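Presented below is the structure to which this report refers.
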Amino acid sequence: MRVSQMFMPTLREVPAEAEIPSHQLMLRAGLMRKLASGIYSFLPLGYRTFRKIEQIIREEMNRAGAQELIMSALLPAEAYQASGRWEVFGPEMFRLKDRHSRDFCLGPTHEEIFTEIVRNEIRSYRALPLTLYQIQTKYRDERRPRFGVMRSREFVMKDAYSFDRDEAGLDISYRKMYEAYCRTFDRCGLNYMVVEADSGAMGGSGSQEFMVKSSVGESVIAHCEACGYTANEEKAECVPEAYCPEGNNCGSELPLEKVATPDVKTIEELVGFFNCSSKEFAKTLIYKADDRVVAVMVRGDRDVNETKLQNYLGCVELEMADEETVERATGAIVGFAGPIGLNAELNIELIVDPEVTLMKNFIVGANETGYHYKNVNYERDFKASVIKDMRNIVEGDKCPKCGGSIKLTRGIEVGHIFKLGTKYSKALNCVYLDEQGKEVPMVMGCYGIGVNRTMAAIIEQNYDENGIIWPMTVAPYHVIIVPVNTTDSVQMETAEKMYNDLCSAGIEVLIDDRDERPGVKFKDADLIGIPIRITVGRKAGEGIVEYKLRKYKDIKELKIDEAVNEAIGEVKSALKNQP
RNA sequence: CGGGGUGUAGCGCAGCUGGUAGCGCACGUGGUUUGGGACCAUGGGGCCGCAGGUUCAAGUCCUGUCACCCCGACCA
C-alpha cells in the first residue's frame, strides 16, 4: 500500500477528549474517529488490526472445536422476556419498536438466542457436546461510556456458548475455552492474568476473567505473590482481622453504655468525637434489596462489597436505602444506625461481617438520633441473622488461601468465561434425551472476548512517547519502507524494488511515497507503530539501506537483499504460531 | 443518575468591563528545501453547540436546552 494513497488521517496534537494513552493514540494514529459518545468508526489502518485480532480469536476458537455462526443484532423482545432479562437489563438495553409496535432490542449479549436455537434443533445426547460462537456487534447503553473504545456502547464481542450433557462435560468444554483464551491473548502479545471472578447475575458455578495488567484498567485485582491466588475485588474472600487498640480491654466485656453524640454522623466525625481509630467502630448500613430492607455491618474502616451482598441476598436490585427508609428502619436520622433495636416490624435481616464478631467493646449507632452505644459486644448485645464475608479486600489483607500478604493491582477485563450450568437451559427448556430416553437440561458455559477492548489493551501495553508499538501479529502492516527523498530516483527505485520483493514474499508492506520531509514520515511511521521500518536514504546508491525495529532504538545498515530477507525472517518467525 | 468541567475553522486554543472573530498547526497555490513533525509568499475556510431573552448592538450578559469530557454510583 502506498501511503500517498492511503486514508490515514494522523493527528499531530492530542485530541482534548482523550484521557488515556490507547484512546489518544487510536485517534492520533488515525485508527478510528468518534461518531457519538461511546460510538466509533474504524478507519482503514485501525480496521486492519481489528480484523487481525478477530482472526486470531477465530483461529483459536476453531482450533478448540467451536463452530462459527452469526446472529442478528436486532432481536425480538420475547427471547429476553422468557428469561426475565428484558426487565433485568433495564435502561442498559437499546430498545426499539417496529412499525407494528412490536418490541425489539439491539442485543447486549446472546445467551437466550443461542439457547433457543440449540433447544429447537438438538434433541439427542448424540449431538453433544456442542460449542458455537460468533464475532458480532453488541449494543449496551452504558451509563457512562469511558476511555474511548474501552467501554463503549457499540462493540464487537466474540461470544461462545457450550452445551454439554453434564457437569463433567462442561468442565472439559470450559477447559478447552480456557486454553483457547490463553493462546489467543498470547498471540496478541498481551501480558495478562486469569482471575477468579464473580459469576454475578449470570448465575452458575464458576467464572474467570482474563485481565490485562494496566494502571488504566477499571477492575481491581487481588493477588497473592506467595501462592498465586488471584481474584477480582468483587470476588476476593476476606480474612477477618482482629484488632485490639491500646487501652481497650479486649479481654473482658465492659458494660454497654449509651453516649450522647449530637450531630456526630459520619465515621470521620466519630473518630474525632471519641478520639479513636475507625477500627473501633462498626458501621451499620441500610440497604433496599428489591422490596426488602436489610442491614449490613462491617468494621468502621471497611467498605461493604455490594456484589457479595447481592449474591447472598439473591436480589435483582440493590441500593443504599433512601433517608426515609433509613428513618423507618432505625427510628433515627441517617448517621445513627446500629444493630440494637432496629424496627422489628420491618423484619430486617442483619448481616454481619465476621470481623465484627472479633471486635470487643466497640461503638455503634444507637438507632436514636444523637446517640451511639459504646462497649458493644457481639452476641451479648445483638445477634446476626447471618455472619458472612461482606467487605472489600484491601492491600495488605491476609491471603484467604495461604495467609500471605495481598497486593492490589488494576486490570482491563478482555475476556470472561463462565460455567453457567442449567440456568438458561432450564428457564428456556433447552433439553436433550439421554440414553434412557429421559429429558435432561443441557449444561451450559459462555465465553466472551471484547475485541475493541483487546485492541485498546494491546496499545496500553505497547506504546512509547512516539506512538504505538504493534506486536507483529496484529500490526496493520508488517513493514514500512521510507524513501527519504522522493525526488531522488535511486532512492525511489530502490524503495520500489524492495516494496515489490516484500509484497511478493507475502509480507504486508507500506511504502511512504509521499513528498514529505523525512521527519514527517518517521513521526508517522512511529505513531502508527509498524514493527519494521526500512529507510532508503543517502547510501541507496551503494546498495545500503537502514533496518530498524519499532520496539528497539538501534539501526542496522544492510544490503538491500539482506534487509529484505531479514524482514521476511522477522515476520515469519513472529507469525509462526498460526495454525 | 449525583458532582465538576468544556462547547469559537479539520486539530489544539485565545477572545478582558458587549461594538460584528483571531493565533498555531493542518489545507490550496507558487517558490526554496529534503535524515526526526522545514521556510518564504499568498489564499480558502466560521450559524462562536442550539433556542429564547436583555440591548441601538451579544462569541461576550440572563434563562433554558443539547452535546462532549472527567470523578463517583452502576455494570452479562
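Heavy-atom basis, side chains included; hydrogens, waters and symmetry copies ignored. Naming: A, B, ... by sequence-line order, numbering from 1 per chain. Fair warning: this is a prediction, and the values are worked out from it, not measured in the lab.
Of the N and O atoms on the side chains of A/Q208 and A/Y174, at least one donor lies less than 3.5 Å from an acceptor on the other residue. Judged by distance alone, the side chains of A/S219 and A/N232 never bring a donor and an acceptor atom under 3.5 Å apart.
Each of B/rG35, B/rG36, B/rA38 was ranked by its minimum atom distance to the side chain of A/V484; first place goes to B/rG35. Listed nucleotides: B/rC74, B/rG36, B/rC69. Nearest to the side chain of A/Y40: B/rC69. Counting only heavy atoms from C-beta on, A/D524 has its side chain closest to B/rG37 among B/rC68, B/rG72, B/rG37. Distances from the side chain of A/F147 to the nucleotides B/rC75, B/rC71, B/rU34 place B/rC71 closest. Checking B/rC70, B/rC75, B/rG37 against the side-chain heavy atoms of A/L527 singles out B/rG37 as nearest. Nearest to the side-chain atoms of A/Q310 among the listed nucleotides B/rA38, B/rG36, B/rC75 stands B/rC75.
A 4.5 Å side-chain heavy-atom check between A/H23 and A/M32 finds at least one atom pair inside the cut-off.
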Are any protein N/O atoms closer than 3.5 Å to N/O atoms in nucleotides 40-46 of chain B? If there are, list each pair with its distance.
none

Tabulated below should be each protein N or O lying under 3.5 Å from an N or O of nucleotides 26-30 of chain B; please produce it.
unit_1 : atom_1 : unit_2 : atom_2 : d
B/rA26 : OP1    : A/R12  : NH2    : 3.3

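Comparing A/Q491 and A/F155 by the nucleotide of RNA chain B whose heavy atom lies nearest to each, the residue mapping closer to the 5' end is A/Q491.
Across the C1' atoms, B/rU32 and B/rG19 are found 43 Å apart, a figure rounded to whole Å. Here, B/rG7 and B/rC27 have their P atoms 26 Å apart, quoted to the whole Å.
The base of B/rG3 has none of its N or O atoms less than 3.5 Å from a complementary donor or acceptor on the side chain of A/R144. Counting atom types as modelled, A/R151 pairs a side-chain N or O with a base atom of B/rC75 as donor and acceptor under 3.5 Å. Not a single donor-acceptor contact under 3.5 angstrom links the side-chain atoms of A/N485 to the base of B/rG35.
Across residues 23-34 of chain A, A/R28, A/K34 each have a non-hydrogen atom less than 4.0 Å from an atom of RNA chain B (numbered order). Only A/G537, A/R538, A/E546, listed by number, bring a heavy atom of residues 537-552 of chain A to less than 4.0 angstrom from any atom of RNA chain B.
Between A/Y40 and A/F155, the gap from one ring centroid to the other reaches at least 6.0 Å.
No contact: A/N466 has no heavy atom under 4.0 Å from any strand. Using a 4.0 Å heavy-atom cutoff across all strands shown, A/T487 reaches at least one base atom of the nucleic acid.
By the 30° and 60° cut-offs, the orientation of the rings of A/F185 relative to A/Y181 is perpendicular. The aromatic rings of A/F94 and A/Y139 lie perpendicular to each other, with more than 60° between the two planes, well past the 30° mark.
Consecutive pairing runs in RNA chain B reach the stem threshold at B:1-7 with B:66-72, B:10-13 with B:22-25, B:27-32 with B:38-43, B:49-53 with B:61-65, where a stem means at least three Watson-Crick or G-U wobble pairs with distances under 3.5 Å.
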- [ ] Treat primed atoms plus P, OP1 and OP2 as sugar-phosphate and everything else as base, then score nucleotides 6-13 of chain B 5' to 3': B for base contact with protein heavy atoms under 4.0 Å, S for sugar-phosphate contact only, - for none.
- [x] -----BSS

